[in-house]
Each structure stands twice: as structure tokens, then as C-alpha cells.
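Remember, predicted model here, so these are calculated numbers, not experimental data.
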Amino acid sequence: MDIDLAFIWAAIIAFAVLAYVILDGFDLGVGILFPFFQKKHDKDVMMNSVAPVWDGNETWLVLGGGGLLAVFPLAYATILPALYAPIIAMLLGLIFRGVAFEYRWRTKRAEHLWNWAFTGGSVVAAFSQGVALGALVQGIPVVDRAYAGGWWDWLTPFSIATGLAVLIGYTLLGATWLVMKTTGELAEQARRYAYLAAVGTLVSMGIVSLWTPFLEPLYLERWFSWPTAAFSFIVPLLVGGCFLMMLHGLRTHHDTRPFVAALGLFVLGFAGIGISFYPYIVPTSVTIWEAAAPDSSLAFLLVGAVVLVPMILGYTAYAYWVFRGKVDPEEGYH
């Protein structure tokens with residue numbers, strides 16, 4: 001029986017993207033919430049809550065992007081030209097945010113500037129990721145194995161809606177992370193923002209989910225034709241369950257349950273995108289098999305992935321284990 005290497009690699013890259021979204025999403029969310037906390041001490045604690053892990057979280061972005069180039073070169077060559085603007089904006093946002101992590105602690109006079117760099121970088125990165133997602137979902141025209149669209153095809157009402165949805169969703173992840181990692185007044189304020197972000201995320205998911213099937217006939221058929229139509233009932237039920245679990249956790253002052261429920265919402269949203277896309281990697285133009293490199297290359301790279309991915313998982317798990325529990329307000333990462 002032949003092993004479908006292209007499918008295995010599609011699963012690895014999908015896992016890397018999901019890992020990036022749920023891990024880097026909460027520290028982007030902390031940056032988005034930064035201006036809503038006025039006390040310098042609270043800002044310090046917020047940044048310290050993500051400082052030990054934020055750079056490790058972005059390892060998954062490198063793995064996903066690098067893997068796409070090496071394993072699905074045709075997809076890389078068509079997706080990147082279609083999304084140059086939002087991807088460059090995202091990278092610039094991540095750069096400013098990364099620099100702010102270090103420079104904010106080195107100056108008093110210009111601290112407010114680095115606060116805004118941290119916030120601005122987080123907002124731009126989150127919104128750009130959502131816009132890129134929306135542009136990908138609405139479809140990328142490909143002719144003769146090359147991008148056939150224009151410079152501004154990525155900018156549409158739908159992509160702006162998905163950009164705002166991701167921005168709100170990351171805010172929810174950030175707020176529930178702070179609920180889990182902090183104490184006192186800071187945690188209570190984060191809990192209040194989590195309520196608002198939870199409602200906003202649910203509404204945003206509903207709008208995008210109802211809009212998506214009408215973008216392409218494939219999506220409409222996938223969600224309303226048997227047997228995949230079953231997911232049209234299962235996924236919303238699971239989303240509702242995560243939402244109720246989150247509200248109960250916030251109401252009962254449970255530390256971890258709201259964050260776990262927020263992660264569940266993102267996993268379900270990601271699964272919904274996968275159900276809509278499959279088997280396309282460039283919707284609705286190029287399948288994963290059409291975009292894949294030769295099997296010899298896929299097999300060679302898979303050997304490296306078998307070693308590398310467990311190492312990244314182990315390092316990530318160890319980092320979160322070392323820095324588990326509540327952040328000590330009197331201690332800092334720097």
C-alpha cells in the first residue's frame with residue numbers, strides 16, 4: 001500500500017499553522033489588550049506573563065511557512081504573490097512587537113512609545129493574519145500554475161470581516177490567558193474583557209460561517225450536501241458547548257476553563273476551514289497533490305520532520321511547564 005506523502009505533509013503543515021494560531025494568538029491578544037490597562041505595574045505583569053514563551057510560539061510560524069515552500073512549492077508560489085501586502089504587514093507587526101519586548105524595559109522616557117509599538121504590532125499582526133485568511137478562503141485565481149489576480153484582490157469586505165474576527169478572537173485568547181495567569185484586580189479586569197470578547201467572537205464566527213458557503217459553490221456543496229452536511233450541525237453544537245463552558249468558567253472564577261474553551265473555539269474554527277478546503281491547498285484552484293513536490297523530496301523532508309517536530313513539541317511543553325502557574329507580580333522575566 002502506497003503512503004500518501006502529500007497528505008501526511010498537508011496534515012503536518014496544518015498542525016503547525018494551528019499550533020501557531022492558538023499559541024501566538026494569546027500573546028498577540030495580550031498586546032491588543034495592553035492599552036486598556038492603565039497601571040504600569042499591570043502592564044509589566046501582562047508582558048511578563050508571555051515574555052518567556054512568545055518567541056518559542058513563533059517557531060510554528062517558521063515551520064509552517066518554511067514547510068509550505070519546501071513541500072508545496074506551487075502553493076507557495078501562488079499564495080505569496082496574492083497575499084504580499086497582508087503578509088508583509090504581519091511580519092512588520094511581529095518585528096515591532098518583538099523589539100518592544102526588549103526595548104520597553106531599557107528606557108523610562110520612551111516607555112510609552114514601546115507600549116504603543118507592542119500594541120500596534122499585535123493589532124497589525126492579528127488583523128493581517130485575518131485578512132490573509134479571508135483572502136485565501138474567498139479563492140485565489142491560478143492560470144498556468146501562476147497567480148492570475150491583481151494587487152488588491154486580497155482587500156474585500158469578506159477579508160476585512162475575517163480580519164476583525166481574528167482580532168476579536170485573539171483578544172479573547174489574551175483575556176482568558178490573563179485570567180489564568182494573573183491575580184487580583186488585573187485578573188478581574190481581564191475577566192470582564194473576556195465576557196465581551198467571548199460574545200464578539202461568537203458573533204464573528206457566526207457571520208463568517210454564514211458568509212463562507214456563498215463564496216464558492218464548493219463550500220456550499222460541502223456544507224449542505226450529505227454526508228459532510230452533518231458537520232453543519234455538529235460543529236455549531238460544539239461551538240455552543242465551548243461558549244457555555246467559557247461563560248460558566250468565567251462566572252465561577254475558574255482559572256483555566258475559559259482559556260481551554262477559547263482554544264476549543266479556535267480549533268473548531270480551524271476544523272471548519274479544513275472541511276471547506278479539502279482537498280485544495282489553494283482554494284479552489286490547486287489540490288495538495290497538484291502542489292506537492294516529488295515524492296522523493298517529500299520522503300527526504302519527512303525524515304527531518306520526524307526528528308524536528310517532536311523536538312519542538314518537547315521544548316514547547318517544557319517551557320510551559322517551567323513557567324506554569326500564576327505570574328508573581330514581584331518578579332519579572334527581565
Side-chain angles (χ1 to χ4, degrees), residues 14 16-36 50 54 57-58 60-61 64-65 79 82-94 96-97 118-140 154-178 193-194 196-212 215 219 235 239 242-243 246 258-259 261-277 283:
V17 173
L18 176 61
Y20 170 75
V21 168
I22 63 177
L23 293 178
D24 206 36
F26 70 76
D27 60 59
L28 286 170
V30 170
I32 295 167
L33 286 168
F34 217 55
F36 298 98
V50 297
W54 75 272
N57 293 341
E58 295 185 358
W60 296 104
L61 178 62
I79 292 173
L83 303 178
Y84 273 143
I87 288 177
I88 290 173
M90 177 193 74
L91 294 175
L92 289 174
L94 293 176
F96 271 95
R97 191 176 67 108
F118 182 57
T119 297
S122 300
V123 170
V124 169
F127 182 71
S128 298
Q129 289 174 19
V131 168
L133 172 64
L136 187 64
V137 170
Q138 69 191 12
I140 295 176
W154 56 271
L155 186 61
T156 64
F158 180 76
S159 68
I160 293 173
T162 55
L164 293 174
V166 170
L167 191 67
I168 296 169
Y170 281 178
T171 303
L172 174 62
L173 286 177
T176 53
W177 171 262
L178 292 175
Y193 290 137
L196 297 175
V199 174
T201 299
L202 188 67
V203 172
S204 299
M205 290 182 71
I207 292 173
V208 172
S209 297
L210 291 174
W211 197 337
T212 299
L215 295 174
Y219 302 156
V235 173
V239 167
C242 286
F243 182 72
M246 184 185 310
F259 183 67
L263 293 180
L265 290 177
F266 270 80
V267 171
L268 289 169
F270 193 80
I273 293 172
I275 293 168
S276 299
F277 275 19

* Evaluate the side-chain proximity of Q129 to Y20: yes if any heavy-atom separation is below 4.5 Å, no if none is. =>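 Yes, at least one pair of side-chain atoms sits under 4.5 Å.
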* D24 side chain reached by L94 side chain, heavy atoms, under 4.5 Å -> yes
Taking atom [atom1] of [X] and atom [atom2] of [Y], what is their separation to the nearest 0.5 Å?
X: L167; Y: L172; atom1: CG; atom2: CG; answer: 12.0 Å
X: S122; Y: D27; atom1: OG; atom2: CG; answer: 7.5 Å
X: L178; Y: Y193; atom1: CG; atom2: OH; answer: 11.0 Å

* To do: Evaluate whether atom CZ of F96 has more than 12 neighbouring non-hydrogen atoms of other residues, nucleotides or ligands under 6.0 angstrom away.
  =>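 No, the 6.0 Å shell around CZ holds no more than 12 heavy atoms from other groups.
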* Can you say whether the rings of F259 and F26 are parallel (under 30°), tilted (30 to 60°) or perpendicular (over 60°)? -> perpendicular
* To do: Over 60° means perpendicular and under 30° means parallel, so classify the ring planes of F158 and W211, tilted if in between.
  =>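 The rings of W211 and F158 stand perpendicular, inter-plane angle above 60°.
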* To do: Test V137 against T162 for side chain to side chain contact (heavy atoms under 4.5 Å, CB included), laying out the working first.
  => CA-CA 10 Å; V137 170; T162 55; over 6 Å; no
* **Check against side chain to side chain contact (heavy atoms under 4.5 Å, CB included), L136 and I273** => CA-CA 10 Å; L136 187 64; I273 293 172; over 6 Å; no
* Show the numbers, then the answer: is there a side chain to side chain contact (heavy atoms under 4.5 Å, CB included) between V131 and M90? => CA-CA 10 Å; V131 168; M90 177 193 74; over 6 Å; no
* Sub-3.5 Å donor-acceptor pair from the side chain of S159 to the main-chain atoms of W154, do we have one? ->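 Looks like yes, one N/O pair under 3.5 Å.
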